Chemist: 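Here's a structure for you.
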Amino acid sequence: MAGSPVAAAVRTYLDHLTVEKGLALNTLTSYRRDLRRYLAFLAANGIDDLAGVSEATVTSFLVRLREGDADHPPLSSTSAARTVVAVRGFHKFAVADGLADLDPAAAVKPPTPAKRLPKALPLSDVEAILDASGSPGTTLALRDRALLEVLYGTGARISEAVGLDIDDLDLLDGTVLLRGKGGKERLVPVGSFAREAVEAYLVRGRTELVTTRAVGGALFLNARGGRLSRQSAWAVLVKAAERAGVTLDVSPHTLRHSFATHLLDGGADVRVVQELLGHASVTTTQVYTLVTVDNLREVFATAHPRAR
């Protein structure tokens, strides 16, 4: 197969990616490996030129990737999709470069990766993290507790939380104005725990951090009086999780996931959670319902006398 017309076309394509596209070495290595497997598949089916490749050929190759064979284990949807992308790129190039008249891979779509369920923490872990925000009463501990309570209490993205100004909060009304993706704004209720933490920070913490360098009316300030960065806010959460002994990987998005999951577990309607999270489509929010179904299954399996 090394001297076949289709193998020569693959070499031309890889040269194109190297010289004209300037792809990274790791990316080129992946393309080379994926296309080598494709060539082997074509050879096994007696195909040695591009004219012999049909849409059914490419589809059969995708099926083989997912099922595996004697020399290769089955590929996940993500890995198979990467390989199909390489094959599609090759055939598209072959047509553009005049090496083939038709593109047999154009209609073959890469498999859709399975949705990854959001990672939500048990409420006990969330509470432990909130309680471990630092030495009680210190300036930074007051700020960190307020930050973490706002993240979990409102489901805010980390960028939305650190972007808050004092004027965005209405503690009397119990609401906060969050500015999300694409400049979209949403008004979200703030629970009593988050309100109390923010009030304590404003009265006894933020005043100690304010300097001549303070950034306008930024709510969360760093030790130098500037607006707290996303990276610093992330570090606050990671350190609190370590102090709380929570061993799972924890990120600001983990608190957002937990916010949504705990609401649904408590009976909230998915469309209400959609509005609170600022999702443009309810489809995005519905992935959290998969988590609660798993929880229901677990409870059912352990509690119902005829479940086992």
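Quick note: numbers below take in every heavy atom, side chains included, and nothing from hydrogens, waters or symmetry partners. If you're wondering where the values come from, they're calculated on a predicted model, not measured in any experiment.
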Chemist: List in chain and number order the residues that pass ring pair (Phe, Tyr, Trp, His ring centres under 6.0 Å) with Tyr31, two or more places apart in sequence or in another chain; answer none if no residue qualifies.
Modeler: none
Chemist: Could you tell me which residues satisfy side chain to side chain donor-acceptor pair (under 3.5 Å) with Asn222, sequence neighbours excluded, listed by chain and number?
Modeler: none
Chemist: Quick one: are Val270 and Gln274 in side-chain contact, heavy atoms under 4.5 Å?
Modeler: no
Chemist: Testing the basics here: between Val58 and Pro104, what is the closest heavy-atom pair and its distance to 0.1 Å?
Modeler: CG2-O, 4.1 Å
Chemist: What verdict does the side chain to side chain contact (heavy atoms under 4.5 Å, CB included) test give for Leu209 and Leu140, after you've listed the backbone C-alpha separation in whole Å, the side-chain angles of each residue and the deciding distance to 0.1 Å?
Modeler: CA-CA 9 Å; Leu209 297 174; Leu140 293 182; 4.1 Å; yes
Chemist: Please check if atom CZ in Phe193 has more than 12 non-hydrogen atoms from other residues, nucleotides or ligands closer than 6.0 Å.
Modeler: no
Chemist: When you compare the side chain of Asp168 with that of Leu178, does any pair of heavy atoms fall below 4.5 Å?
Modeler: no
Chemist: Side chain to side chain donor-acceptor pair (under 3.5 Å) with Thr12: which residues, sequence neighbours excluded?
Modeler: none
Chemist: Salt-bridged, Asp165 to Arg227, with N to O below 4.0 Å?
Modeler: yes
Chemist: I need the minimum non-hydrogen distance between Ser77 and Pro111, along with the two atoms involved.
Modeler: O-CG, 3.5 Å
Chemist: Does Phe259 have any ring pair (Phe, Tyr, Trp, His ring centres under 6.0 Å) partners at least two apart in sequence or in another chain, and if so, which?
Modeler: none
Chemist: Ignoring hydrogens and geometry beyond distance, is a side-chain donor-acceptor pair present between His91 and Tyr13 at under 3.5 Å?
Modeler: no
Chemist: Using every non-hydrogen atom in the two residues, find where Val87 and Phe61 come nearest and quote the distance to one decimal.
Modeler: CG2-CE2, 3.8 Å
Chemist: Look at the side-chain heavy atoms of Ile, Leu, Val, Met, Phe, Trp and Tyr, link any pair under 4.5 Å apart, and say whether Val85 and Tyr38 land in one connected group.
Modeler: yes
Chemist: His16: which residues meet the ring pair (Phe, Tyr, Trp, His ring centres under 6.0 Å) condition with it, sequence neighbours left out?
Modeler: Phe93
Chemist: Suppose clustering is done on Ile, Leu, Val, Met, Phe, Trp and Tyr with side-chain heavy atoms closer than 4.5 Å. Which residues sit in the same group as Val203?
Modeler: none
Chemist: State whether a side-chain donor-acceptor pair under 3.5 Å links Thr261 with Ser258.
Modeler: no
Chemist: Using atom types as modelled and distance alone, determine if a side-chain donor or acceptor of Thr154 lies under 3.5 Å from a backbone N or O of Val150.
Modeler: yes
Chemist: Looking only at atom types and distance, does a side-chain atom of Arg243 sit under 3.5 Å from a main-chain N or O of Ala132, one as donor and one as acceptor?
Modeler: yes
Chemist: If Ile, Leu, Val, Met, Phe, Trp and Tyr residues are connected whenever their side-chain heavy atoms lie under 4.5 Å apart, and connections chain through other members, are Leu169 and Leu187 in the same group?
Modeler: no
Chemist: Determine the minimum heavy-atom distance between Ala233 and Val162, stating which atoms define it.
Modeler: CB-CG1, 3.7 Å
Chemist: Can you hop from Val95 to Leu102 via hydrophobic side chains spaced under 4.5 Å?
Modeler: no
Chemist: Flag yes if Leu39 and Leu28 sit in one hydrophobic cluster, no otherwise; membership is Ile, Leu, Val, Met, Phe, Trp, Tyr, and two members link when side-chain heavy atoms are under 4.5 Å apart.
Modeler: yes
Chemist: Roughly how far apart are Asp49 CG and Leu99 CG, rounded to 0.5 Å?
Modeler: 12.0 Å
Chemist: Can you establish whether the number of heavy atoms outside Arg230 located under 6.0 Å from its atom CZ is more than 12?
Modeler: no
Chemist: Which residues satisfy the salt bridge (Lys or Arg N to Asp or Glu O under 4.0 Å) test with Glu185, sequence neighbours excluded?
Modeler: Arg179
Chemist: Among residues two or more places apart or on two chains, list those pairs meeting salt bridge (charged side-chain N to carboxylate O under 4.0 Å, His left out) that have a residue in residues 80-96.
Modeler: Asp34-Arg82
Chemist: Roughly how far apart are Arg64 CZ and Arg37 CZ, rounded to 0.5 Å?
Modeler: 8.5 Å
Chemist: Any donor-acceptor pair under 3.5 Å linking the side chain of Arg143 with the backbone of Arg206?
Modeler: no
Chemist: Restricting to non-hydrogen atoms, name the atom on Ala94 and the atom on Leu50 that form the minimum distance, rounded to 0.1 Å.
Modeler: CB-CD1, 3.9 Å
Chemist: Looking at residues at least two apart in the chain, or sitting in another chain, which of them share a side chain to side chain donor-acceptor pair (under 3.5 Å) with Arg186?
Modeler: Glu160
Chemist: Report the C-alpha separation of Thr29 and Arg33 in whole Å, then their side-chain angles, then the decisive distance to 0.1 Å, and conclude whether the side chain to side chain contact (heavy atoms under 4.5 Å, CB included) test is met.
Modeler: CA-CA 6 Å; Thr29 300; Arg33 180 178 60 247; 4.2 Å; yes
Chemist: Could you tell me which non-hydrogen atom of Val108 sits nearest to which non-hydrogen atom of Glu55, and how far apart they are?
Modeler: CG2-CG, 3.9 Å
Chemist: Could you tell me whether a side-chain N or O of Tyr201 sits under 3.5 Å from a main-chain N or O of Ala141, the two making a donor and an acceptor?
Modeler: no
Chemist: Transitive ILVMFWY cluster of Leu172 at side-chain heavy atoms under 4.5 Å: who else is in it?
Modeler: none
Chemist: Could you tell me whether the side chain of Arg256 and the main chain of Leu277 form a donor-acceptor pair under 3.5 Å?
Modeler: yes
Chemist: Can you see whether Ser60 engages Thr57 through a side-chain donor-acceptor pair at a distance of less than 3.5 angstrom?
Modeler: no
Chemist: Applying the 4.5 Å side-chain criterion to the ILVMFWY set and letting contacts propagate, would Leu14 and Phe90 be lumped into a single cluster?
Modeler: yes
Chemist: Counting N and O atoms only, with roles assigned by atom type, does the side chain of Thr83 sit under 3.5 Å from a partner on the main chain of Ser79, one being a donor and the other an acceptor?
Modeler: yes
Chemist: Pairing donors with acceptors under 3.5 angstrom, does anything connect the side chains of Asp265 and His262?
Modeler: no
Chemist: Test salt bridge (Lys or Arg N to Asp or Glu O under 4.0 Å) on Arg145 and Glu149 and set out the steps.
Modeler: CA-CA 6 Å; Arg145 179 64 182 252; Glu149 289 281 7; 2.9 Å; yes
Chemist: Check the pair Val236, Leu147 against side chain to side chain contact (heavy atoms under 4.5 Å, CB included), reporting the backbone distance first and the verdict last.
Modeler: CA-CA 9 Å; Val236 166; Leu147 171 67; 4.2 Å; yes
Chemist: Determine, stepwise, if the pair Ile158 / Leu151 fulfils side chain to side chain contact (heavy atoms under 4.5 Å, CB included).
Modeler: CA-CA 7 Å; Ile158 186 67; Leu151 284 171; 4.2 Å; yes
Chemist: Are the side chains of Leu164 and Val176 in contact, using a 4.5 Å heavy-atom criterion?
Modeler: yes
Chemist: Sub-3.5 Å donor-acceptor pair from the side chain of Asn45 to the main-chain atoms of Ile47, do we have one?
Modeler: no
Chemist: Would you give the length of the straight line joining atom CG of Leu35 to atom CZ of Phe41, rounded to the nearest 0.5 angstrom?
Modeler: 14.0 Å
Chemist: Around atom CG of Asp249, are there more than 12 heavy atoms of other residues, nucleotides or ligands at under 6.0 Å?
Modeler: no
Chemist: Who are the side chain to side chain donor-acceptor pair (under 3.5 Å) partners of Thr18, not counting sequence neighbours?
Modeler: none
Chemist: Do Arg195 side-chain atoms and Val190 backbone N/O form a donor-acceptor pair below 3.5 Å?
Modeler: yes
Chemist: Would you tabulate the side-chain donor-acceptor contacts of residues 123-130 under 3.5 Å, counting partners in other chains and residues two or more places apart, or write 'none'?
Modeler:
none

Chemist: Side chains of Ser30 and Thr27: is there a donor and an acceptor less than 3.5 Å apart?
Modeler: no
Chemist: Flag the pair Leu42 / Asp48 as yes when at least one side-chain heavy-atom distance between them is below 4.5 Å, and no otherwise.
Modeler: no
Chemist: Does some side-chain heavy atom of Arg66 sit less than 4.5 Å from a side-chain heavy atom of Leu75?
Modeler: no
Chemist: Using 0.5 Å steps for rounding, measure from the NZ atom of Lys239 to the CH2 atom of Trp234.
Modeler: 14.5 Å
Chemist: So with a 6.0 Å cut-off around CG of Asp101, is the heavy-atom count from everything else above 12?
Modeler: no
